Amino acid sequence: MSDELETGLRAALGELDPAPGFAVRVAARAHRPPAPRRRQIPRWVMAAATLALIAAAALTVWGYRRQRQQDAARQLRIALNFTQYQLSHITGVALSHAVQRLNQETP
Amino acid sequence: MPEDEAGFAALVGQQQRLVYGLARRALGRHQDAEDLAQEVFLTLHQNRQAIRSEAHLRFWLRQVTARKCIDARRRHRFALEALPEIPVAAATPDPWRRRQLWQAVGRLPMRARLVVILRYQQDLDPEEIAAVLAMPVATVKSHLRRSLARLRRAEVGHER
């Protein structure tokens, strides 16, 4: 049983050839002059660039929020001015009515 | 070791069956095996001064191929049982059985798989396999014993 299995394994695991031209391709690659190495960017430059990006993003967010706050304050001021104007107008009308009524009631 | 391109190509031609055959049986896919075999021969070219003899060259090639197969397994987690392109020669008496055996070998862990391939493809003794894979002879024998038992069970399972 074991011998039969071992014979089967020898048959099943036989050596195989690579694609034609493999040896020539490998030899050509081995004798190819090495490609020039690309210049590596220093780590401190990468760190500085990352920090600058984060700072720029934070500044943009801060500016946007500040602009929105200023817009909201301006709108509030306009709303208060309008309300004040309306209240003055209503008070004026009410006073003139009261004066008219007093004049009519007085003999 | 030949220094010129033609000489090195001839040497690769002589040894390619050993390297590619081992890698193909261990990894399964043709392209993975060919890439790995190329890496092995490029490493050989870089370290050609260290090769002392024909026997040393074959030992070195087996050792580096086996190491690279283990590394490739760690990186890609090849699953041979899922591979579609399992080579079976049409002229063999029982191609179906060979396919079953090959698939069963592919399901073994990589180190055990390499032990079986080195034993039954390359006809190495347990002592030689231990030297190639840098493991104790007792471990090699244990791998062989357990792998054969597992393969026998797989065969019996398929026959039922």
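Computed from a prediction, not measured in an experiment: that's the story for all the values here. In what follows, every chain begins at residue 1, and chains take the letters A, B, ... in the order their sequences are listed.
- Interatomic distance, B:Q121 CD to A:L9 CG, rounded to the nearest 0.5 Å: 11.5 Å.
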Mind listing the side-chain donor-acceptor pairs of residues 125-135 of chain B below 3.5 Å, one per line with the distance, residues two or more places apart or on another chain?
from   : atom 1 : to     : atom 2 : distance (Å)
B:E128 : OE1    : B:D125 : N      : 2.8

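- If you chain together hydrophobic residues whose side chains sit under 4.5 Å apart, B:L124 and B:L148 fall into the same group.
- Chosen from A:A19, A:G14, A:P18, A:A30, the residue pairing most often with chain B at heavy-atom distances under 4.5 Å is A:P18.
- Nearest heavy-atom pair, B:R97 versus A:L5, reported as atom, atom and distance to 0.1 Å: NH2-CA, 3.8 Å.
- Within 6.0 Å of atom CD in A:Q86, more than 12 heavy atoms from other residues, nucleotides or ligands are found, so the atom counts as buried in its surroundings.
- In A:I41, the CD1 atom is not crowded: 12 or fewer heavy atoms of neighbouring residues, nucleotides or ligands sit closer than 6.0 Å.
- Heavy atoms only, all atoms of each residue included: B:V12 and A:A23 are closest at CG1-CA, 3.6 Å.
- Of the atoms belonging to B:Q15, not a single heavy atom falls under 4.5 Å from chain A.
- Once rounded to the nearest 0.5 Å, the distance linking CG of A:L16 with CZ of B:R24 reads 6.0 Å.
- With a 6.0 Å radius and a threshold of 12 heavy atoms from other residues, nucleotides or ligands, A:Q84 has its CD atom at or below the threshold.
- Contact count versus chain A (heavy atoms, under 4.5 Å) is highest, among B:L42, B:L18, B:V116, for B:L42.
- Listed options B:A33, B:A10, B:A9, B:G21 were ranked by heavy-atom pairs under 4.5 angstrom with chain A; first place goes to B:A9.
- Note: the hydrophobic cluster containing A:V24 does not contain A:V26 (ILVMFWY, side chain heavy atoms under 4.5 Å, direct or indirect links).
- Following chains of ILVMFWY side-chain contacts shorter than 4.5 Å, one can reach A:M46 starting from A:W44, so the two form part of one hydrophobic cluster.
- Annotation: the span from A:R29 atom CZ to B:H45 atom NE2 amounts to 12.5 Å, rounded to 0.5 Å.
- Looking at B:D4, the atoms closer than 4.5 Å to chain A (heavy atoms on both sides) all sit in the backbone: N, CA, C or O.
- Aromatic ring orientation, A:F22 versus B:F41: perpendicular (interplanar angle above 60°, classes split at 30° and 60°).
- Taken from CD in A:E6 to CG in B:L151, the straight-line distance is 10.5 Å, to the nearest 0.5 Å.
- Between A:R10 atom CZ and B:R119 atom CZ the span is 5.5 Å, to the nearest 0.5 Å.
- Minimum interatomic distance between B:Y20 and A:D17 (heavy atoms only, all atoms of both residues): CE2-O, 3.2 Å.
- Ranked by heavy-atom pairs under 4.5 Å with chain A, the first of B:V19, B:L101, B:I117 is B:L101.
- By the 6.0 Å contact criterion, CZ on B:R111 is open, its count of non-hydrogen atoms from other residues, nucleotides or ligands being 12 or less.
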